[in-house]
Colleague: 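This is the structure I have questions about; it appears just below.
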Amino acid sequence: MEPPPLLLPISLFILLLLPPSLITSARSPPTATASPSPAESPSSSPSSSHSTKSPSPTTNPSPSSSTSQLDPKQLRALQSLNIPTSKDPCRSLHPTIICDNSAPFRHLLSLLLSNCSDDVQLSITALDSLSTLTTLQFLNCPSVTPVHFPPGLASNLRSFTAIHSLKKLTGVFLSRLHNLTDLTLSAVIVNASGPSIILSNMKYLKSVTISQANLSGYLPKHWHYTNLTHIDFSVNRLIGKIPSSLTQLENLQSLNLSSNELDGEIPTSIGDLISLQNLSLTSNSLSGPIPNSLAAIPSLIHLDLGRNQLNGSIPKFIADMKELRYLNLEKNDFKGIMPFNASFIKRLDVFKVGGNANLCYNHSSLSPNVKLGIAPCDKHGLPLSPPPARESSDGGGGGGSSDDDDSGGDVQSENSTQQHSHGPSKVVLGVAIGLSSAVFLIIFLVLISKCCR
Ligand SMILES: *[C@@H]1O[C@H](CO)[C@@H](O)[C@H](O)[C@H]1NC(C)=O
Ligand SMILES: *[C@@H]1O[C@H](CO)[C@@H](O)[C@H](O)[C@H]1NC(C)=O
Ligand SMILES: *[C@@H]1O[C@H](CO)[C@@H](O)[C@H](O)[C@H]1NC(C)=O
Ligand SMILES: *[C@@H]1O[C@H](CO)[C@@H](O)[C@H](O)[C@H]1NC(C)=O
Ligand SMILES: *[C@@H]1O[C@H](CO)[C@@H](O)[C@H](O)[C@H]1NC(C)=O
Ligand SMILES: *[C@@H]1O[C@H](CO)[C@@H](O)[C@H](O)[C@H]1NC(C)=O
Ligand SMILES: *[C@@H]1O[C@H](CO)[C@@H](O)[C@H](O)[C@H]1NC(C)=O
Ligand SMILES: *[C@@H]1O[C@H](CO)[C@@H](O)[C@H](O)[C@H]1NC(C)=O
Ligand SMILES: *[C@@H]1O[C@H](CO)[C@@H](O)[C@H](O)[C@H]1NC(C)=O
Ligand SMILES: *[C@@H]1O[C@H](CO)[C@@H](O)[C@H](O)[C@H]1NC(C)=O
Ligand SMILES: *[C@@H]1O[C@H](CO)[C@@H](O)[C@H](O)[C@H]1NC(C)=O
């Protein structure tokens, strides 16, 4: 039987007609992953927002309302600190200097020294003349050597800030500033045996940040600061347990103890911190369960417990926290079924649970397209192996950087992921394979029939 002579050209023609887009999308891997969530980028500005506000708005020192001049002693002190004084410093529109309105001479209330040149030196005489200051801030003055503040200045100061400034501070130096309500130290070396020696006399404290300061020792046992709302001791070398006495601070809104060497369990009384909005205990060596009392905190927005050795199951009540926007439980030892459904996860800006080898999700209530970094559960509530989170094992608790792209839960793109990548690529693959096998079959038949004529 003679095959129809047109068959070969026609089949080649069909092959050529196959749209290139079909061929290329069939080749691309069908598991296109979702893009990382933009909300995860760690915006780590060293200064906390509450600490850099311009001080004492109540004093209202409008530059033009007073005709008197700055106290000549204070003028000389400013000159000794390389601050230009050709114009009346009290009238400068920069918020770096704020004066009162007293007569015959005005006095300084607030001073910000920033980007200091290397020859700026603090002298006792200058600081003595500046004793009217209630706010003193150093920003980017790393070569300035601190000298002991004279008693007048030390007891008058309400707010003291040093960010990437001052060569080395000691606990004794800081402990003398006992009328402070705000203390902000960041990217400064603080040589002290622990936070207690710095803070124990500061009974009016409202906000304390001692971050990236190489601070060692234990957390204080006594917390008699009724008005304390912010604690940030992140990125230091603090050791030991979190004392349960800390939970007496019922006005505390933000507690950041991340990146230290704390161990033991989270105090079961943590729920007594009823004003808490932000809790970060990430990157320590904490163990044991998430305390049930946490359910009693109504206002929690930011809960970061990642990179510890916490265990047990993830409590269901977390799904009922109405204000929650940030939840990080990654790289712990949680086990069992993760109690969150898709609508809860969608509500969050950041959600991370990867790196918990014994944790799994219910695939009938969560789409497998949500990239969680954990495996789906089998019918016994155990992870189906192999868990997809292997890429996140990074050879020993390396620092907090470089791995924000691994097991992060990408939540927002679930919808688009399903629509654009997964569905179409499978169909295209099937069609392309089907078509090409048909074509090859035809070519094969033609060749056979030709050679066996
Ligand atoms: C806690 O401190 C770390 C490091 O300083 C910082 O990156 C993080 O944003 C802080 N967390 C909160 C909730 O403020
Ligand atoms: C200090 O220097 C930085 C850049 O190096 C600049 O952005 C900032 O405005 C300066 N601050 C002041 C108060 O001059
Ligand atoms: C600040 O401390 C001194 C003691 O050095 C004390 O006499 C004074 O009352 C305190 N000032 C205020 C406003 O609390
Ligand atoms: C910290 O202070 C102690 C005692 O004041 C001193 O012996 C020690 O050398 C200091 N450590 C550093 C790193 O400066
Ligand atoms: C706490 O704040 C209140 C109101 O601002 C104030 O009256 C009280 O003196 C403060 N207590 C302490 C110990 O600072
Ligand atoms: C940090 O503190 C340790 C001791 O606690 C000390 O050996 C080390 O030199 C300090 N680092 C800096 C940069 O001062
Ligand atoms: C909580 O942390 C967020 C950023 O993570 C910050 O914008 C907010 O001001 C913090 N709230 C408190 C009370 O510190
Ligand atoms: C959690 O770990 C502790 C030891 O760190 C262990 O005693 C405890 O039994 C563990 N709990 C669970 C539920 O695995
Ligand atoms: C998801 O979980 C929340 C909190 O547990 C619950 O209120 C809600 O009804 C659940 N939604 C669905 C669709 O199951
Ligand atoms: C998984 O979710 C489905 C539907 O939400 C539910 O019926 C089932 O009981 C869940 N399985 C487990 C083990 O919780
Ligand atoms: C999915 O996306 C479509 C439009 O792109 C939108 O109308 C729909 O509400 C989305 N569904 C969910 C569950 O977000």
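Being a predicted model, the structure only gives us computed values, none of them experimental. We count ligands from 1, going down the list as the structure has it; atoms in each ligand are counted the same way.
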Colleague: Glu250 and Ser275: which non-hydrogen atoms are nearest, and at how many Å?
Modeller: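 That would be O-OG, 2.6 Å.
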Colleague: Using a strict 4.0 Å cut-off to heavy atoms of His230, name the atoms of ligand 7 that fall inside it.
Modeller: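 It comes down to these atoms of ligand 7: 12 (C), 13 (C), 14 (O).
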Colleague: Which atoms of ligand 7 are found less than 4.0 Å from any heavy atom of His302?
Modeller: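 Numbered from 1, ligand 7 contributes 5 (O).
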Colleague: Among protein heavy atoms, which lies nearest atom 11 (N) of ligand 5, and at what distance?
Modeller: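 Here the nearest protein heavy atom works out to Asn227 ND2, 3.0 Å.
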Colleague: Kindly confirm or rule out an N or O of Gln253 lying under 3.5 angstrom from an N or O of ligand 7.
Modeller: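 No, since none of the N or O atoms of Gln253 sits under 3.5 Å from an N or O of ligand 7.
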Colleague: Looking just at side-chain N and O atoms, do Asp118 and Ser143 make a donor-acceptor pair shorter than 3.5 Å?
Modeller: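 Indeed, the side chains of Asp118 and Ser143 share at least one donor-acceptor pair under 3.5 Å.
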Colleague: Closer than 4.0 Å to some heavy atom of Thr226 - which atoms of ligand 5 meet that?
Modeller: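 Listed by number with element, the hits are 13 (C).
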Colleague: With atoms numbered from 1 as shown, which atoms in ligand 5 lie under 4.0 angstrom from a non-hydrogen atom of Lys203?
Modeller: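 Those of ligand 5 that fall under 4.0 Å from Lys203 are 13 (C).
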Colleague: Just checking, any donor-acceptor pair under 3.5 angstrom between side chains of Asn82 and Asp119?
Modeller: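 Looking only at side-chain atoms, Asp119 and Asn82 do form a donor-acceptor pair, the distance falling under 3.5 Å.
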Colleague: Quick one: do the Ser234 and Ser211 side chains pair a donor with an acceptor below 3.5 Å?
Modeller: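 Note: Ser234 and Ser211 side chains meet the donor-acceptor criterion.
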Colleague: Please tell me whether Arg237 and Asn260 have a donor and an acceptor in their side chains that are separated by less than 3.5 angstrom.
Modeller: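 On atom types as modelled, these side chains do not qualify, holding no pair under 3.5 Å.
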Colleague: Kindly indicate whether atom 9 (O) of ligand 5 is approached by any protein heavy atom to under 4.0 angstrom.
Modeller: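 Within 4.0 Å: no protein heavy atom nearby.
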Colleague: Looking at His148, I'd like to know if its NE2 atom is crowded, meaning that more than 12 non-hydrogen atoms belonging to other residues, nucleotides or ligands lie closer than 6.0 Å.
Modeller: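 It does: His148 NE2 has more than 12 such atoms within range.
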Colleague: Quick check on atom 5 (O) of ligand 5 - does any protein heavy atom sit closer than 4.0 Å to it?
Modeller: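 So atom 5 (O) of ligand 5 lacks protein heavy-atom neighbours under 4.0 Å.
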Colleague: Tell me whether Asn256 has any N or O atom under 3.5 angstrom from an N or O of ligand 1.
Modeller: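 Yes - when backbone and side-chain N and O of Asn256 are compared with those of ligand 1, one distance drops under 3.5 Å.
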Colleague: Can you check whether a protein heavy atom sits less than 4.0 angstrom from atom 13 (C) of ligand 5?
Modeller: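 Under 4.0 Å from atom 13 (C) of ligand 5, at least one protein heavy atom found.
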Colleague: Report yes if Ser234 has an N/O atom closer than 3.5 Å to an N/O atom of ligand 1; otherwise report no.
Modeller: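 Yes; at least one N/O pair falls below 3.5 Å.
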Colleague: Return the orientation label for the Trp223 and Tyr225 ring planes: parallel under 30°, perpendicular over 60°, tilted otherwise.
Modeller: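 Perpendicular.
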Colleague: Show which atoms of ligand 1 fall inside a sub-4.0 Å distance from at least one heavy-atom site of Ser258.
Modeller: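 It comes down to these atoms of ligand 1: 1 (C), 2 (O), 3 (C).
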Colleague: What heavy-atom pair brings Leu127 and Leu122 nearest, and what distance separates the two atoms?
Modeller: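 Closest approach of Leu127 to Leu122, heavy atoms only: CD1-CB, 4.3 Å.
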